[in-house]
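Each chain gets a letter, A, B and so on, in the order its sequence line appears, and its residues count up from 1.
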Amino acid sequence: MRIATWNVNSVKQRVPRLLPWLDQRKPDVVCLQETKLADDAFTALLGDELAGRGYEVALNGELQWNGVAILSKVGLDDVVVGLPGAPGFPHPEARAVSATCGGIRVHSLYVPNGRTPDSDHYKYKLAWLATLRDVVEKGPTDVLVCGDINIAPADADLFDPEAYIGQTHVTAPERQALADLHALGLRDVVRERWPNERVFTYWDYRAGMFHKDLGMRIDLQLASGAVADRVKAAWVDRLARKGTGPSDHAPVMVDLDDAPDGDIGPMVPPPSGKPAKKGSAKLPQGQ
DNA sequence: ATGTCCTCTTTAAGAGGA
C-alpha cells in the first residue's frame with residue numbers, strides 16, 4: 001500500500017500536475033492539503049476524474065483558504081470531518097479530515113502556520129496541536145498522521161538553522177508538540193529511512209530557493225509502531241516540485257508491505273544527499 | 001531584490017496569506 005501526502009497549494013491550480021502524478025505514482029491513499037476549494041466545487045472539478053481512477057474521496061474544504069482531503073482506493077470508512085475539540089481562529093477552519101483506509105486510521109492535516117511566535121495565531125497553533133495529540137491518543141492504535149505539520153522537527157530539516165532563529169516552525173513549544181506525538185508512539189518514517197541526509201519537502205517560490213535546494217522539511221508522515229514496522233520505502237517526490245506550475249511543496253511518499261504498482265521515481269534524497277548546513281541565503285520574508 | 005504564487009475583490013490593481 002502506497003500512502004502520499006501533498007500540500008498542493010490550490011487543487012484547482014494544480015489539476016494539470018495532480019492527475020498525471022496520480023497516474024504515474026498510483027498511490028493507494030492520498031492526503032491533500034491547501035485545496036482552497038469548497039466541497040461542492042471540489043467534487044465538480046475532480047469527482048469524475050478521481051472516481052474513474054478508483055478513488056473514494058473525503059473532503060473538508062472551504063471557500064478560499066485551507067482545505068484538506070483524503071483520496072483512497074483501499075476503503076474510506078468512518079470519515080471524521082475536522083478535528084473534534086480543536087479551536088478555531090476564531091471560527092473553525094478546514095484543517096483536518098480522517099478516515100480508516102486499509103485498516104489504518106489516516107489523518108490529513110494542515111496545521112496552522114503560526115505566523116510569528118508573538119502572535120495569537122501561534123497560540124492557536126499550539127492549542128490545535130494539543131487537541132491533535134488528544135485525538136490521536138483516544139483513537140485507533142494503527143494510525144498515520146499525515147500532512148503539512150508546519151514544524152521542522154530538527155535543525156537538520158532546515159537549509160540554514162540560523163535563518164530561522166526567532167521564526168515559527170522551529171520554536172521549542174512547537175517541537176515539544178511534535179515530541180508529544182512521538183510520546184504516543186508515532187514515528188517519523190521518512191527521517192528513519194534517511195537519518196543523515198538532506199531532505200526537504202517545501203521550498204519557497206521566491207529567490208530560486210528550490211533550484212538552490214534551500215528548503216525545509218515540514219510535511220511529515222508519522223506512523224504508529226505496527227504501521228512503521230511495515231514501511232518498505234519512504235521518500236520525497238521531488239520531481240513534483242519541478243517543471244511548470246508546481247506547488248511549493250513536494251509529496252511525501254510511504255510504501256507499506258510490498259512493491260508498488262506505480263513508478264517509484266528517483267528516491268529523494270539521492271545517495272549523495274548531504275545534511276543541511278549553514279547557507280548564505282536569507283530567508284524570504286512574509287511566508 | 002520586499003525576489004513568487006495563489007486567493008479574493010470595489011474586475012484590474014491591490015491586499016492578505018503563505
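No side-chain donor from either of A:Arg115 and A:Thr168 sits under 3.5 Å from a side-chain acceptor of the other. Counted by atom type alone, A:Asn7 and A:Glu34 present one or more donor-acceptor pairs between their side chains at under 3.5 Å.
Rounded to a whole Å, the CD atom of A:Glu62 is 13 Å from the C1' atom of B:dG17. As rounded to whole Å, 11 Å separates atom C1' of B:dG17 from atom CD of A:Glu93. Between the CG atom of A:Asp204 and the C1' atom of B:dA1 there is a distance of 13 Å, rounded to whole Å. The CZ-P distance, from A:Arg95 to B:dG17, rounds to 12 Å in whole Å. The nearest whole Å value for the distance from the CG atom in A:Leu214 to the P atom in B:dT4 is 16 Å. Computed from coordinates, the A:Tyr202 OH to B:dA18 C1' distance equals 6 Å when rounded to whole Å.
The phosphate of B:dA18 (OP1 or OP2) has a side-chain N or O of A:Arg115 nearer than 4.0 angstrom.
Atom name P, nucleotides B:dC6 and B:dA1: the rounded distance is 25 Å, in whole Å. The separation of B:dA15 from B:dT10, taken at their P atoms, amounts to 14 Å, rounded to a whole angstrom. Straight-line distance between the P atoms of B:dG3 and B:dG14: roughly 14 Å, to the nearest whole Å.
For the ring-ring contact (aromatic ring centres under 6.0 Å, His included) condition, no pair includes a residue of residues 25-53 of chain A, sequence neighbours left out.
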**Request:** Using a 4.0 Å heavy-atom cut-off, write out nucleotides 5-11 of chain B from 5' to 3' as B (base contacted by protein), S (sugar-phosphate only) or - (no contact).
**Result:** SSSS---
Side-chain atoms of residues 73-81 of chain A: list all donor-acceptor pairs with protein atoms under 3.5 Å, sequence neighbours left out, distances to 0.1 Å.
none

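Using a 4.0 Å cut-off between charged nitrogen and carboxylate oxygen, A:Asp255 and A:Arg193 do not count as a salt-bridge pair. Under the 4.0 Å criterion applied to side-chain N and carboxylate O atoms, A:Arg241 and A:Asp213 are not assigned as salt-bridge partners.
Shown here are the ring pair (Phe, Tyr, Trp, His ring centres under 6.0 Å) partners of A:His107, two or more places apart in sequence or in another chain: there are none. Looking at residues two or more places apart in sequence or on another chain, you find no ring pair (Phe, Tyr, Trp, His ring centres under 6.0 Å) involving A:Tyr205.
Nucleic acid contact class of A:Phe210 (heavy atoms, under 4.0 Å, all strands): none.
With DNA chain B read from its 5' end, the first of the two nearest nucleotides for A:Asn7 and A:Gly208 is the one closest to A:Gly208.
Residues from residues 118-131 of chain A that place a heavy atom under 4.0 Å from any atom of DNA chain B: there are none.
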**Asked** Yes or no on ring pair (Phe, Tyr, Trp, His ring centres under 6.0 Å) for A:Tyr202 and A:Phe159, after CA distance, side-chain angles and deciding distance?
**Response** CA-CA 11 Å; A:Tyr202 162 84; A:Phe159 76 86; over 10 Å; no
